[in-house]
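Each ligand, and each atom within it, is numbered from 1 in the order the structure gives. Start at 1 with the first residue, then count along the sequence.
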Amino acid sequence: MKFNTKTIHGGQKDVDPAYGSVMPPIYQTSTFSQTTPGGHKGFEYSRSGNPTRAALEKSLASIENGKHGVAFASGLAAIDAVLKLFKPGDEIISTNDLYGGSYRLFTQIFEDFGLKFHFVGMQDADKIAEHINENTKLIWVETPTNPMMNVIDIEAVSQVAKKNDLLLAVDNTFATPYLQQPLDLGADIVMHSATKYIGGHSDLVMGSLVVKDDELADRLYFIQNASGAICGPQDSFLALRGIKTLHIRVQRHCENGKAVAHFLKNHPKVDHVYWPGFEDHPNHDIAKKQMKDYGGMVSFTTTEDSKEGAVKVVEKLKVFTLAESLGGVESLAGHPASMTHASIPKEQREKIGIKDSLIRLSVGIEDEEDLLADLEQALD
Ligand code: P1T
């Protein structure tokens, strides 16, 4: 099956053996009856497993070219489950520019439990090796990065991981499996904030992991059940519905993202535009190699170069909504320094380029003309 067909049919055969409904039923139940202890029809308690969630997990595995999908209550719950694979003293090498909540989870929760994190600019994969020692267990990659839109060569990092017997996990939230399939490029785990493009309609919070390896999957299912941060059947259904249009939504996100990026680049009040589709983006060649297109996320700074200036712009926008999150059909604008990345200390933020004047756009699938006109009036 090719990708577009998989978004609709992948893992969805016989989702309703009772009546043949085309969409899986929403099994809104906490538990399942047993004829004798252990005598059930495949499901016993909805934390351990639920048929609607199972249908979603099969779909997720299919669209990421993996074997096993594991769905969680949020993207951060999915990352939390990955980190629970490790023990105190283990070390993790992470992308230095990443979602502020991931950074907060690493440094303010898991460091207290004895994990050690190294934050590294991975645009040059050779930089990773300097941080590897006998305690290193995982390389955590986010690409494109949130919010600076750096792109990391997954295949090159996977060679470093394989050479040193390390796991490689890739946060594929910004790219989506339509644009980039990390498992095919050598990653062991692909993670999503399914809240974003996977769900696609800003109506749920969810996370997912997909792996190929059976043993790794067993451990992640164990953690999912033992820690309990699962997603409910209603949300599983919504995510499944979202996935069915992922390919066409992302195509339009990419078209509008490209139009917005070029408009901003040519605007006299805009200083710098961060979008990997530009030929002069420092990682353009990697993006061209590993992504089908360049996505709908665009960050920029204005020539005024101040927090006040950036705040004024996001407040003036009318079609773009000022809000956290991304990847929904509607366009959103955010101010990373005071919103999504406020949990990263200012000094650390500035080291990776997140200035107080940076604005991040999640370009939706509205009419291009309306989006450009909105940006024009706000910048004016
Ligand atoms: O919000 P949640 O579903 O828990 O996902 C966390 C997460 C993980 N990884 C990436 C790359 C993300 O962007 C996010 C969430 N990001 C936002 C809410 C945001 O506005 O950037």
Measure the acute angle between the ring planes of His118 and His131, then classify it against the limits of 30° and 60° as parallel, tilted or perpendicular. tilted
Using the six-membered ring wherever Trp is involved, compare the ring planes of Trp275 and His262 and label them parallel, tilted or perpendicular (cut-offs 30° and 60°). perpendicular
Return the closest protein heavy atom for [atom] as residue, atom name and distance.
{"atom": "atom 3 (O) of ligand 1", "value": "Thr195 OG1, 2.6 Å"}
{"atom": "atom 7 (C) of ligand 1", "value": "Tyr99 CD2, 3.3 Å"}
{"atom": "atom 5 (O) of ligand 1", "value": "Ser193 OG, 3.0 Å"}
{"atom": "atom 19 (C) of ligand 1", "value": "Thr340 CG2, 3.3 Å"}
{"atom": "atom 13 (O) of ligand 1", "value": "Asn146 ND2, 3.0 Å"}
{"atom": "atom 21 (O) of ligand 1", "value": "Arg360 NH1, 2.8 Å"}

Give the numbers and elements of all ligand 1 atoms closer than 4.0 Å to a heavy atom of [X].
{"X": "Asp171", "result": "8 (C), 9 (N), 10 (C), 11 (C)"}
{"X": "Lys196", "result": "1 (O), 5 (O), 14 (C), 15 (C), 16 (N), 17 (C), 18 (C)"}
{"X": "Ser74", "result": "3 (O), 4 (O)"}
{"X": "Thr173", "result": "9 (N), 10 (C), 11 (C)"}

Any N or O of [X] that comes nearer than 3.5 Å to an N or O of ligand 1?
{"X": "Glu324", "answer": "no"}
{"X": "Glu142", "answer": "no"}
{"X": "Leu76", "answer": "yes"}
{"X": "Ser325", "answer": "yes"}
{"X": "Gly75", "answer": "yes"}

Measure from NZ or CZ of Lys196 to the centre of the six-membered ring of Phe174 and say whether it is under 6.0 Å with the direction within 45° of the ring axis. no
CD of Glu330 to CZ of Phe320: how many Å apart, nearest 0.5 Å? 11.5 Å
So CG of Asn65 and CE of Met1: to nearest 0.5 Å the spacing works out to 12.0 Å
Could you check whether [X] pairs with [Y] (Lys NZ or Arg NE/NH1/NH2 to Asp/Glu carboxylate O, under 4.0 Å)?
{"X": "Asp203", "Y": "Arg241", "answer": "no"}
{"X": "Lys316", "Y": "Asp380", "answer": "no"}
{"X": "Glu308", "Y": "Lys312", "answer": "no"}
{"X": "Lys346", "Y": "Asp356", "answer": "yes"}

Out of curiosity, is Met206 lining ligand 1, as in a heavy atom under 4.0 Å away? yes
Taking a cutoff of less than 4.0 Å between a non-hydrogen atom of the residue and any ligand atom, is Met339 in contact with ligand 1? no
Not counting sequence neighbours, which residues clear salt bridge (Lys or Arg N to Asp or Glu O under 4.0 Å) with Lys84? List them please. Asp80
Mode of Met297 contact toward ligand 1 - side chain, backbone, both, neither (heavy atoms, under 4.0 Å): neither
For residues 12-52, the ring pair (Phe, Tyr, Trp, His ring centres under 6.0 Å) pairs (sequence neighbours left out) are Phe32-Phe43
